[in-house]
Amino acid sequence: MAETNSSRPWGWEPLLEARRWDDLEDWCTQWQINHPDDTAPFRALLTALREVVPTIVEENGMESRERHLRCDDDPKRWDGREELKGAAKMLEIGELEAAIKGAPPVASEAWRRNREIIETDLHECIDAEEVTQGAEELSRRGHAREALDLLRYIDFTTSFLRGEMDSEEDRDWMNEAIAEVANLAFEAGRHTQVAWGKEFEELAAIRAKQTHTLAHKNEGRRTYNAERTAKKNAWIKHAELVEASLSRDVTGSARAEYILKNWRKIGVEGQRPAPPSKKTLENWISERKKKKASRTRS
């Protein structure tokens, strides 16, 4: 089993301290050659590099992000810190992350992961209270349902096209092709939506400044996140109580159905949390199973 104690000295520490970037890159190359299955030192080094390389906050309208400085950034941003460019270069190249994560997932696996995240967020939008008033079709819940329908139509189209293929090899190729396009289309749609929204950001920014101080907004966000976390923890706790009465092993879908069917049989009316959607339960059960399997392997 690979070494996982990131607190032990690996050998790269004095090189990082002395800012000997070329020697540090050579050390990484030699370690990967001699210990191809041990990525623990790479994880520790990556964390150290991220702490060393300066960060900046970029803003545009209501959008903001924090990122590490890049080698080609304005020299003024590097003023007095040029000796750290070697560390920034190592982060930019990405070889450490590649060594840790291994080969990138195939398109179908990447789309599966993205889709799980997307669908979980969409179901949470459906379960949440509306933030606007008016026509149901134009509400957050309405848009979330429409998005789910479109995702299901991707499945329908994929199934139809697979049926037109003559071999399993062709069907696999079709799966990967559609997954690749789906990933790209989703990213393109996300950026398009942000681009459309830029027109309204100026008004939104003015309104935010008029009604909230920055501290108030941050406090509101923390409160919102805390309430959202508390609601999630409450339904998880209740779901586990209901699940405890299930005496046989069943699939994730059947388990979710059982929990929802028996949701109101446990607890006191008025104190019992509202049930999540079946899909949210299925995602929770699936994620829990993955975590259990991961702990078993380690």
Side-chain angles (χ1 to χ4, degrees), residues 6-7 9-32 39-105 110 113-114 117 121 183-184 186-225:
S6 60
S7 64
W10 300 105
W12 54 257
E13 294 86 351
L15 302 177
L16 177 65
E17 183 69 24
R19 310 306 194 226
R20 292 164 53 188
W21 309 118
D22 290 341
D23 291 339
L24 187 55
E25 289 183 15
D26 291 340
W27 182 92
C28 291
T29 300
Q30 289 302 313
W31 183 274
Q32 192 165 24
T39 61
F42 288 164
R43 296 178 187 274
L45 175 55
L46 183 60
T47 298
L49 288 173
R50 286 171 173 168
E51 292 174 351
V52 164
V53 177
T55 60
I56 58 172
V57 175
E58 296 179 318
E59 296 181 340
N60 186 305
M62 299 293 289
E63 278 191 284
S64 67
R65 68 174 181 179
E66 183 178 15
R67 69 166 176 84
H68 289 95
L69 283 181
R70 295 187 286 260
C71 294
D72 61 355
D73 276 326
D74 190 327
K76 293 180 181 179
R77 289 179 167 175
W78 282 103
D79 188 25
R81 300 179 291 187
E82 290 82 2
E83 66 175 5
L84 298 175
K85 280 192 173 183
K89 177 184 175 184
M90 292 185 70
L91 289 183
E92 288 179 51
I93 292 174
E95 290 184 353
L96 274 176
E97 282 194 85
I100 293 169
K101 296 180 180 179
R113 295 178 186 176
N114 286 338
I117 296 171
D121 288 344
N183 277 310
L184 294 174
F186 180 80
E187 286 300 312
R190 188 175 66 86
H191 285 291
T192 299
Q193 193 68 33
V194 173
W196 284 341
K198 285 295 178 182
E199 183 177 353
F200 304 97
E201 281 194 15
E202 182 179 5
L203 295 175
I206 293 173
R207 179 63 177 165
K209 290 178 181 179
Q210 290 175 338
T211 57
H212 299 286
T213 64
L214 181 60
H216 184 220
K217 188 166 70 171
N218 288 340
E219 182 61 30
R221 172 56 60 180
R222 285 192 292 270
T223 300
Y224 171 79
N225 288 338

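- Scanning both residues, L69 and A88, for their nearest heavy atoms gives O-CB, 3.6 Å.
- Annotation: side chain of C71 is in contact with side chain of E92 (closest heavy-atom distance under 4.5 Å).
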Using the rule given for side-chain contact (heavy atoms from CB on, under 4.5 Å), can you reason through L46 versus L91, listing the C-alpha separation, both sets of side-chain angles and the distance that settles it, and then say yes or no? CA-CA 8 Å; L46 183 60; L91 289 183; 3.6 Å; yes

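- Within a 6.0 Å sphere centred on CD of E83, other residues, nucleotides and ligands contribute more than 12 heavy atoms.
- Atoms CE and CD1, on M90 and I93 in that order, are 7.5 Å from each other to the nearest 0.5 Å.
- At least one side-chain heavy atom of F42 sits under 4.5 Å from a side-chain heavy atom of Q32.
- At a threshold of 4.5 Å between non-hydrogen side-chain atoms, the residues F186 and N114 do not count as touching.
- The side-chain heavy atoms of R67 and D73, taken from C-beta on, include a pair separated by under 4.5 Å.
- Separation of atoms CG (L84) and NZ (K89) is listed at 15.0 Å; rounding is to 0.5 Å.
- Here the CG atom belonging to L16 is positioned 12.0 Å from the CG atom belonging to D23, to the nearest 0.5 angstrom.
- Judged purely by atom type and a 3.5 angstrom limit, E13 uses its side chain to pair as donor or acceptor with the backbone of G11.
- How far CD of E66 is from CD of E58: 10.5 Å, rounded to the nearest 0.5 Å.
- When all heavy atoms of W12 and P41 are compared, the closest pair comes out as NE1-O, 3.4 Å.
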Does the salt bridge (charged side-chain N to carboxylate O under 4.0 Å, His left out) test come out yes or no for E82 and K85, once each step is laid out? CA-CA 6 Å; E82 290 82 2; K85 280 192 173 183; over 6 Å; no

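- The distance from atom CG of L15 to atom CG of L45, rounded to the nearest 0.5 Å, is 9.5 Å.
- Annotation: side chain of K76 is not in contact with side chain of W78 (no heavy-atom distance under 4.5 Å).
- Taken from CD1 in I56 to CG in D74, the straight-line distance is 9.5 Å, to the nearest 0.5 Å.
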